[in-house]
Amino acid sequence: MIPNRKLLVLPGDGIGPEVMHEVGRVVSWMQKRERARFTIVEDLVGGAAIDARGTPITDETIRLAKEADAVLFGSVGGPKWDALGFDKRPELAILRLRKDLGLFANLRPATVLDPLVDASTLKPDVVRGLDIMIVRESTGGIYFGEPRGVETLPDGTKRGINTEVYTTPEIERVARVAFELAQKRQKRLCSVEKANVMESGLLWRQTVAALAKDYPDVALSHMYADNCAMQLVRNPRQFDVIVTSNLFGDLLSDLASMLTGSLGMLPSATLGAVGADGRRHALYEPIHGSAPDIAGKGIANPLAQMLSFAMLLRYSLDMEEDAALIERACVNVLASGLRTADVMAPGCAKVGTQVMGEAVVRELEKLAA
Ligand code: NAD
């Protein structure tokens with residue numbers, strides 16, 4: 001008997017609904033082939049929810065997210081809502097989901113698919129076969145630490161303050177996610193901080209080092225964040241899994257994503273703690289935004305959203321075989337020469353969102369035959 005999985009799908013704004021529609025084809029194919037059964041609830045978030053309900057996300061949507069086995073998110077935001085205050089903006093939807101579901105470990109793969117090796121700004125020899133997973137702590141550190149703010153000093157000058165704060169449980173839980181990922185990959189973990197100049201970085205290093213005894217099969221190394229930025233450009237293939245703080249992860253994961261050449265190709269996941277019932281809240285989304293410049297034109301690349309769904313199958317539903325099948329189908333379609341405009345190359349055929357989505361499903365059908 002195939003288990004029934006509950007998914008909350010939140011397409012959002014701009015190209016979000018367009019690329020999510022293509023994931024719908026994959027879901028339908030999986031159900032038709034009886035590879036899985038899904039109960040899918042779809043809801044509004046971001047600007048779409050502001051327009052319909054006056055708020056970027058409702059309490060009811062949060063309840064649905066908590067109830068689901070996983071959340072598949074599109075993207076939110078756009079010029080229409082840019083003038084709203086910080087307390088009303090579409091982006092609050094994703095911030096609230098992260099906070100209310102306790103999603104603390106952001107997983108950003110940087111993978112160079114063979115057919116796209118020329119899309120990187122780095123030389124093909126440097127990035128060919130690249131497969132890095134960056135685990136960024138996403139609910140602590142300097143973006144949330146207290147004290148924070150801007151104060152006026154007695155002499156009239158101003159002082160801006162943000163504080164990098166980490167406790168050992170915060171470091172341990174994200175490091176465990178990273179160790180466990182490394183165990184399933186090439187068994188190498190690099191912990192990144194600035195232990196040379198920051199006390200919180202020293203605590204980070206000591207805490208991760210102390211955990212290593214629980215994962216004897218993983219080779220742990222430590223690196224300063226500035227060196228890591230340099231190494232990611234010099235020789236990125238030296239890395240398997242990287243674990244780091246919110247601030248350094250923000251910078252390093254953006255840097256790593258550009259090694260791969262296109263925003264339209266990159267998925268991500270954000271995981272929470274495993275609850276008493278053995279379930280882990282998790283949200284999956286492409287790293288790109290709502291791309292208002294191309295929304296409604298039918299030309300967005302749907303692969304990042306499809307690959308986010310593959311991550312969901314792998315990490316939330318333990319469906320490795322199906323995840324790998326979708327990933328392989330995406331690679332094969334690119335290798336066959338079909339490209340959306342963002343990854344177009346000489347000699348390839350330019351196609352739109354829908355043709356790309358249909359081609360992936362045709363390839364799935366072939367691979368599964
Ligand atoms: P963006 O990622 O939306 O777009 C950057 C550039 O990449 C654009 O030229 C866009 O056309 C292109 N692009 C992005 N995804 C693509 C795809 N799938 N296929 C082809 N081309 C693609 O970033 P932005 O322009 O800085 O932001 C636009 C809006 O998205 C803003 O309102 C921003 O706040 C929001 N945003 C939301 C999220 C999220 O929902 N998690 C993340 C980033 C930005």
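Counting starts at 1 for both ligands and their atoms, following the listed order.
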### Query
Do the side chains of T340 and P302 get nearer than 4.5 Å, heavy atoms only?
yes

### Message
So for atom NZ, which belongs to K366, do other residues, nucleotides or ligands contribute more than 12 heavy atoms lying within a distance under 6.0 Å?
### Response
no

### Task
Compute whether any side-chain donor of one residue and acceptor of the other, for T61 and D43, lie under 3.5 angstrom apart.
yes

### Summary
Within the 4.0 Å heavy-atom cut-off, what P292 brings close to ligand 1 is side chain

### Query
Can you find an N/O atom of G78 closer than 3.5 Å to an N/O atom of ligand 1?
yes

### Protein contact of atom 1 (P) of ligand 1 - nearest heavy atom, named by residue and atom, plus distance
G289 N, 3.5 Å

### Residue G264 vicinity, atoms of ligand 1 by number, heavy atom under 4.0 Å
17 (C), 18 (N)

#### Entry: D13, D293, I15: member with heavy atom nearest to atom 9 (O) of ligand 1
D293

### Message
Among V76, L10, I287, which one puts a heavy atom closest to atom 37 (C) of ligand 1?
### Response
V76

### Query
If you take all heavy atoms of R173 and T139, which pair is closest and at what distance?
NH2-OG1, 3.3 Å

### Message
Please list the nearest protein heavy atom to atom 14 (C) of ligand 1 with its residue and the distance rounded to 0.1 Å.
### Response
H288 CB, 3.6 Å

## Note on the structure
ligand 1 atoms nearer than 4.0 angstrom to some heavy atom of A300 are 19 (N)

### Query
If you look at every heavy atom in F248 and K194, which pair is closest and at what distance?
CZ-CG, 3.4 Å

#### Entry: Which of the ligand 1 atoms, numbered from 1, are nearer than 4.0 Å to a heavy atom of L263
2 (O), 5 (C), 7 (O)

### Task
Examine S75 against ligand 1 and note whether any of their N/O atoms are separated by less than 3.5 Å.
no

#### Entry: For the student: nearest non-hydrogen atoms of S257 and I287, plus distance
CB-CD1, 3.8 Å

#### Entry: Audit row: R314, D322, salt bridge (Lys or Arg N to Asp or Glu O under 4.0 Å) steps and yes/no
CA-CA 8 Å; R314 172 173 293 125; D322 294 81; over 6 Å; no

### Residues, nucleotides or ligands: over 12 heavy atoms within 6.0 Å of E34 CD
no

#### Entry: Closest approach of any protein heavy atom to atom 41 (N) of ligand 1, naming residue and atom
E285 OE1, 3.3 Å

### Shortest protein contact, atom 13 (N) of ligand 1 (heavy atom only)
A291 CB, 4.0 Å

### Query
Taking D59 as the fixed residue, which of K66, R53, R96 is the one that meets the salt bridge (charged side-chain N to carboxylate O under 4.0 Å, His left out) rule?
R96

### Task
Using distance alone, determine whether S290 and ligand 1 share an N or O pair under 3.5 Å.
yes

### Task
For ligand 1, note which part of Q305 has a heavy atom under 4.0 Å away: side chain, backbone, both or neither.
neither

### Query
Which of the atoms in ligand 1, numbered in the order shown and given with their element, are less than 4.0 Å from a heavy-atom of G77?
32 (O)

### Query
Nearest non-hydrogen atom to atom 21 (N) of ligand 1 belongs to which of L266, N301, I294?
I294

### Query
Does atom 25 (O) of ligand 1 have any protein heavy atom closer than 4.0 Å?
no

### Message
Quick check: closest heavy atoms across R35 and M319, and the distance to 0.1 Å?
### Response
O-CE, 3.9 Å

#### Entry: Over 12 non-hydrogen atoms of neighbours within 6.0 angstrom of CD in Q186
yes

### Query
Which heavy atom of the protein is the closest neighbour of atom 33 (C) of ligand 1, given with residue, atom name and distance?
E91 OE2, 3.7 Å

